[in-house]
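Note sheet for the following structure.
Only a predicted model underlies this, so the values are computations on that prediction, with no experimental measurement involved.
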Amino acid sequence: MSELTNDVSVTGSECTASSESLAGLELPKNYDPGTIEEPLFKKWFDSGYFSRNVAGFADEQKPSYTIVIPPPNITGVLHMGHALNNTLQDILTRKARMQGRPTRWVVGTDHAGIATQNKVEQKLAAEGKTRFDVGREAFVEACWQWRDEYGSTIIEQLKSMGCSCDFEHEKFTMDSDYAAAIRKVFVDWFDNGLVYKGHRIINWCPRCTTALADDEVEHVDETGHLWHLRYPLVEPVGDIEYLVVATTRPETMLGDTGVAVSPDDERYSALIDAGAQVKLPLMDRIIPIFTDEYVDKEFGSGAVKITPAHDANDFEVGQRHDLEQINVFTEEAVVNANGGRFEGMTREEAREAVVAAFEELGLLDHIEEHDHAVGHCYRCNTTIEPWLSDQWFVKMSELAAPAIKAVRENQVVFHPKRWENIYFHWMENIRDWCISRQLWWGHRIPVFYCDTCGWMGASVEDLEVCPKCGAAVRQDEDVLDTWFSSQLWPFATQGWPSEATWKQELDHYYPTQVLSTARDIIFLWVARMIMSSMYFLDGKVPFEDVIVHPTVLDKYGNIMSKSRGNGVDPLQLINTYGADSMRFGLALQVTGSQDLKFDEEKIMIMARNFATKIWNASRFVLMNLKDFDASQACDETSGKVTPLAVTDADRWILSRLARLTAQLADGQDGYDFGVIARSLYSFFWNEFCDWYIEFSKSQLNQGGTERAAAQRNLVFVLDSALRMLHPFMPFITEEIWTRLPHGDSRPSLMVAEWPNSAYFNDFIDDQAELAIEQLCAVVTAVRATKARYGISPKQPLDVVVKTTGDHALNAADVLNSQLEQLKSMARVGNFEASATAVKPAHSSVTIQAALEIYIQLEGFVDFDAEKARLQKELDKKVGELEKINKKLGNEGFLAKADVAIIEKAKSDAAELDKSIEQLTEQLADIG
RNA sequence: GGGCGAUUGGCGCAGCGGUAGCGCAGGUGCUUUACACGCACAAGGCCGGGGGUUCAAAUCCCUCAUCGCCCACCA
C-alpha cells in the first residue's frame, strides 16, 4: 500500500478538505517572511512536534533517527558556520520526521571553560576587579549568572532559523547529570591508569594562565629573528674560546642548562673530546656541552642551547642528559627570581634586555631574519609559552586503536570520504591529551589529596576525609578541559550513566545517525567522541555518518573573522530575506568539494526569488480553486487529493514529479544538499511553473474534465513539491500547505508524510514526456521566430509541422490534439501537423529532432535575413555531422564503444543528414 | 617540510569518461488568468598551461603554475 493511502491520521478517514475551507484560499499578494515565521514556529513548538514521538505521529516500528547538535558555546552568537551546519541538520531531521521515524535532534549548550571565564573576567575588569578579588566561589557563581543571562542567546537564534530541535529537553554540559557522567569517566580512566599526572612541558597561555592541549594552539607563521649568541668556554680548547648558539628566543637563555651539538659534527668534536664546558653569560652558570641526535648540524650554527623548562624538545633532551630544569618565568610569563637581574621583566622586555646585554659584552655574533611558526592561544591569541608544570593527561593510544578500526571498517563513515585520511593521520600519531586547566569555570578534577598520609585518589562522590587515615582531604584545584566534557555529548545527553534511563534510551536510539560539523573540530571533538563512546558503551560508535560541511568564506574567499570584520550576520539575512531563503541559499551551495564563498548578492537573491516564486505559483493555484471540491477528488480511504491525468501535459508533469521523488528517495540523495536543492529548484520553477502552470491555464479555460484534472493536478503536484521542499524551507511551505485543499488531515506539513517514490512510480510516462517535449519545441520555435523578426508575440502566425521521426503519425496526432495549448502559449493561428506536410511558401523553417516546423511569415519578414540565418544553421549542422561521421568512421569506436552510444551516434547522424537536406532545400526555395 | 582541495562564459557555482549547464550581471522584446523578486528570446566558454591513458577526457593519470586550507618539535 502506498504511503499516500496508508494514513495513520488521528482524525479518521473522511475527506477533510472541502469548499468550506475556501476562505483560506486567498494569499496576500506578497510573501512576507517576517510576519509568518514566528507564529508558525510557536505553533510547531506548542504542538509538541519537536519531541521524539512527534506528538504521536511517529511510527515506533520505524528505525529512529537521532542527531546531536554540536553544542554551541554559551558565549556564542550565531555565525554563518552555525547557520549552515544547523540548516543541514534540520533538513535531515525534518525529512526523517516526515518519513514517520521517531526523530530527535538533541540540543544544548557547552559551558566553554576558557571562553566563558574570559567573558566574566572582562565583566569584572570593567568594575576594576579580578577573579582573585572575588574568590573562586563567587566567581563560579558569577559564571552561572552570566550563563543564565546570555547563555541561551544562540538557542533563541536557532529558533529563528526554524530549527526543529528538541528544545524541551535542552542539555547543558554543566547539568548535574552531565557532571555525573564526567565523574564516572574520569574515575574509570583514573582507576584503569588511562588518566595520569605528569610533570611536563605544556602549552601555557600566560594571559588565561592555564594549560592548553596541543590542538588548542594555533600556529601562525611569523617573521622573527635568529640571534646568534656567543657562549664562552670555561677553558679555551686550542684557540677556540667560545661557541655560537642560534636561538629565536634569546630570553630563555636565562634558563639554559646545557648546549647540544650533533654527534657527527666535526666542528665541535674537539670540544666534546675535551669535555669542554660553557660559562653561561649573564648567569655565570657552568653548563655542559654534549651531543644529541636531535641536533641538525645544518641549521643555525649547529649548536643548540638547551632550556629544559621552556621548550618541549629541550625538555626531552634535558631528560636524556639529566639536566637541571630551571623555570625562569612566572605563570604570567614574567621573569622570576631564577632570572637574576632580569627578574620582573616581561618576556618581551627580557628579550631586548638580554640581547642588549650580549651586545654590550661583545657576545652578540650576528642576527638574521627567520620565518617560523609561533603558537597562539586559540581563545585569546596570546603567544603560547611552553611551560613546565604538573598537569593531568589521558593516555590516548589504547583509546585510539578501536576508534581507528571503527572508521576503517565503515562503522563510522565520513562525508566527504577524504576527511577520513585526516582522521587516520591524527589518530595514528596521537599524543597524550593534557586535560587539566588552571581555570575556575568548569568541571573540577575529582581527585582528592590527603596531606597527612599522602593518599591520593579519584572519586565519583565528593570526599571530606581520607579513606585511609581519616584526616581532612583537599580536592585538586584544576578543572577539566571543556573538550573532556564535550566528548561525552552523544551519550551523556541521553541519560548515561544513570542505568535507569540510559539502558532503555540508548539501546533503542544509539548510535545516532549523523553528526554534522565543521572540519576544525574533527580532532578536538569528533575523534574523542568516537573514542569515549566505544570505551564506555561496549564498543558502540556514537554516530554512523559524519558530515564535514564546507567552511563559509566571504565573497573573496577569505575566512570570516572578527578581526577582518568580514563576517555576515545570519540574523541580518533572516531579517532581510527570510529564514527559508537563507537556508535554501546555503544548502544550494553545499557541494562536497568546495568551500562556500558567500556572496550575499548572488546567493540570497536567487533564494529569495525562489521563495517568491513558490509563493506566487501557490497563489495562482489557490486562485483557480473556487469551484474545486476536494471531497470529489480524493482517495476514499485517506481523503487525500489524488491526481487525474487527462491530457499529455497532465501525464507529463506527473511523470516529471515521479522522477523527482525517485531521485530524493532514501539512499539516493545522500548528503548532496546542493544537488537536491537544485533539483527541487528546477523542477518547481522550470517544469511546474514555466510549463505546467502555463498549460493548465488553457485546461482551466476549457472547463469540464480538463479543468477538473488541471485543478487536481495543480493541487497534487504543489502538495508533493511542498512536502519535498519543506525540510529546506519550512516556513513558507507550511504557510501555503495549511491553506491548500489537499485533503490531508494532518495538522501540519511538519508531520505530513514524505512522498513515497513507490507510489509515484506508476506515473512515469515516457510517451507523455516525449509528446510534451515536442509540443514545447513547437512553442519555442514560434516564439523564437517572432522574437527574431520583431513580430509582436501577440501576432498569430500560421504553422505547419512535418513530423519525421519513427512515430511520425502518432506525433502528428499528439500535436494536433494540442491546438488549444499552441494557441494559448505561442499564439499560433492555423495549425496543421502531419507526416506528409509540405512547406508553405514564404515560411521560416526550424528543424527540431524529428520535427520540421514551418512558420508562415508572408508580409512580416525580410527573407534575406532568413536566408542568412538558415545558412548559419546549415553550417552548424554540417560541422556537427562531420564530427559524428569522423567518429563513426573510426574502427576503434565501432569496436569498443557501448552499443547504445554507437546507436545514438548513428541516429544523430541520420537526423543531421535529414536536417541538412531540409535546410538545403529551404535555402534553394528561398533563393 | 609533508598532505589535501580549488582553477569551467564578466561574477558566483554545477557537471566528473561520450559533442558544456544554472543563477546573477549585460542585450532585445513583453502589463500574457500567479509572480518585474516576473515572462519570452537571443548572445556569451579552445572547461589554468603542458604531457599521457582511452575509440572517446572539462571529466582518469602525471607534471607545472596560481590561490586556499590542514598537519609538522628544526633551535
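Taking the C1' atom of each, A43(B) and C24(B) are spaced 16 Å apart, rounded to whole Å. Taking atom C1' in both C41(B) and U7(B), the straight-line distance is 33 Å, to the nearest Å. Taking atom C1' in both G12(B) and A25(B), the straight-line distance is 11 Å, to the nearest Å. Look at the C1' atom in both C13(B) and G51(B): the space between them is 29 Å, to the nearest Å. G18(B) and G3(B) have their C1' atoms separated by 34 Å, with the value rounded to a whole Å. Nucleotides C22(B) and C16(B) place their P atoms 16 Å apart, quoted to the nearest Å. Using P as the reference atom, A6(B) and G21(B) are 22 Å apart when rounded to the nearest Å.
The partner of C60(B) is G52(B), judged by Watson-Crick or G-U wobble contacts that both fall below 3.5 Å. U7(B): Watson-Crick or G-U partner is A65(B), with both key distances under 3.5 Å. The partner of G38(B) is C30(B), by the rule that a Watson-Crick or G-U pair needs both atom distances under 3.5 Å. With a 3.5 Å ceiling on both atom-pair distances, A72(B) lacks any Watson-Crick or G-U wobble partner. As the counterpart of A20(B), no nucleotide is assigned, since no Watson-Crick or G-U wobble pattern has both distances under 3.5 Å. C46(B) is unpaired under the Watson-Crick or G-U wobble criterion, no partner having all donor-acceptor distances under 3.5 Å.
Note: CG (D314(A)) to P (A75(B)) measures 11 Å, nearest angstrom. Protein atom NE2 of H225(A) is 15 Å distant from nucleotide atom P of A75(B), rounded to whole Å. Across the protein-nucleic acid pair, D311(A) atom CG and C74(B) atom P stand 10 Å apart, rounded to whole Å. As a whole-Å value, the separation of R678(A) CZ from C13(B) P is 12 Å. The interatomic distance linking F523(A) (CZ) with A72(B) (C1') rounds to 12 Å, in whole Å. When rounded to the nearest whole Å, the span between CE of M427(A) and P of C71(B) equals 16 Å. Across the protein-nucleic acid pair, R418(A) atom CZ and C69(B) atom P stand 15 Å apart, rounded to whole Å. As a whole-Å value, the separation of D627(A) CG from U33(B) P is 18 Å.
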CA sep, side-chain torsions, deciding dist, call: W419(A), F424(A), side-chain contact (heavy atoms from CB on, under 4.5 Å): CA-CA 9 Å; W419(A) 292 108; F424(A) 290 136; over 6 Å; no

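As judged by a 4.0 angstrom heavy-atom cut-off over every strand, N890(A) is placed among residues touching the sugar-phosphate backbone only. D898(A) comes within 4.0 angstrom of a base, heavy atoms only. Heavy atoms of V621(A) sit nowhere under 4.0 angstrom from any nucleic acid atom. Nucleic acid contact for E316(A): none, since no nucleic acid atom lies under 4.0 Å from a heavy atom of the residue. The residue A617(A) sits close to a base: some heavy atom pair falls under 4.0 Å. Using a 4.0 Å heavy-atom cutoff across all strands shown, H372(A) reaches sugar-phosphate atoms only and no base atom.
Classified by interplanar angle (parallel below 30°, tilted 30° to 60°, perpendicular above 60°), the ring pair F610(A)/Y681(A) is tilted. Taking the six-membered ring where the residue is Trp, H370(A) and F299(A) present perpendicular rings, their angle passing 60° and hence far from 30°. Using cut-offs of 30° and 60° on the angle between ring planes, the pair H366(A) and H228(A) is parallel.
For the OP1/OP2 pair of C13(B) and a distance below 4.0 Å, the side-chain nitrogens and oxygens of K597(A) include at least one atom meeting the criterion. Of the side-chain N and O atoms in Q594(A), one or more sit less than 4.0 angstrom from OP1 or OP2 of A14(B). In this model, the phosphate group of A14(B) is approached by a side-chain N or O of T591(A) to a distance below 4.0 Å at OP1 or OP2. Residue H370(A) has a polar side-chain atom (N or O) positioned under 4.0 Å from OP1 or OP2 of A75(B). When the side-chain nitrogen and oxygen atoms of R519(A) are compared with OP1 and OP2 of G5(B), none of them lie within a distance under 4.0 Å.
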Would you mind writing out the side-chain donor-acceptor pairs for residues 243-255 of chain A within the sub-3.5 Å range, not counting sequence neighbours?
{"unit_1": "T247(A)", "atom_1": "OG1", "unit_2": "R249(A)", "atom_2": "N", "d": "2.9"}
{"unit_1": "R249(A)", "atom_1": "NE", "unit_2": "E251(A)", "atom_2": "OE2", "d": "3.1"}
{"unit_1": "R249(A)", "atom_1": "NH1", "unit_2": "E385(A)", "atom_2": "OE2", "d": "3.0"}
{"unit_1": "R249(A)", "atom_1": "NH2", "unit_2": "E251(A)", "atom_2": "OE2", "d": "3.0"}
{"unit_1": "R249(A)", "atom_1": "NH2", "unit_2": "E385(A)", "atom_2": "OE1", "d": "3.0"}
{"unit_1": "R249(A)", "atom_1": "NH2", "unit_2": "E385(A)", "atom_2": "OE2", "d": "3.1"}
{"unit_1": "E251(A)", "atom_1": "OE1", "unit_2": "R351(A)", "atom_2": "NE", "d": "3.0"}
{"unit_1": "E251(A)", "atom_1": "OE2", "unit_2": "R351(A)", "atom_2": "NH2", "d": "3.1"}
{"unit_1": "T252(A)", "atom_1": "OG1", "unit_2": "R249(A)", "atom_2": "O", "d": "2.8"}
{"unit_1": "T252(A)", "atom_1": "OG1", "unit_2": "K305(A)", "atom_2": "NZ", "d": "2.7"}

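Candidate nucleotides A75(B), G23(B), G18(B) were compared by shortest atom distance to the side chain of I901(A), and G18(B) ranks first. Residue I559(A) has its side chain nearest to C69(B) when only C69(B), A14(B), A75(B) are considered.
I201(A) places none of its side-chain heavy atoms less than 4.5 Å from the side chain of D311(A).
The existence of a salt bridge linking D554(A) and K597(A) is excluded, since no basic side-chain nitrogen approaches an acidic carboxylate oxygen closer than 4.0 Å. With respect to the salt-bridge test (charged N to carboxylate O, under 4.0 angstrom), the residues K886(A) and E882(A) do not qualify. By the 4.0 Å N-to-carboxylate-O rule, E880(A) lies too far from K883(A) to be salt-bridged with it.
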Nucleic acid footprint by protein, nucleotides 37-46 of chain B - heavy-atom cut-off 4.0 Å, B for base, S for sugar-phosphate alone: BSSSSS----

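A donor-acceptor pair under 3.5 Å is absent between the side-chain atoms of D672(A) and the main chain of V675(A), judged by distance alone.
Residue order along RNA chain B, read from the 5' end via each residue's closest nucleotide, puts Q699(A) first among G892(A) and Q699(A). Two residues, R249(A) and I884(A), neighbour RNA chain B, and the one matched to the more 5' nucleotide by heavy-atom proximity is I884(A).
At a cut-off of 3.5 angstrom, counting only N and O atoms as typed in the model, there is no donor on one side facing an acceptor on the other between the side-chain of E298(A) and the base of A75(B). Applying the 3.5 Å distance criterion, the base of U19(B) shares no donor-acceptor pair with the side chain of D908(A).
Under the 3.5 Å distance criterion, with hydrogens and angles disregarded, no donor-acceptor pair is assigned to the side chains of Y556(A) and N566(A).
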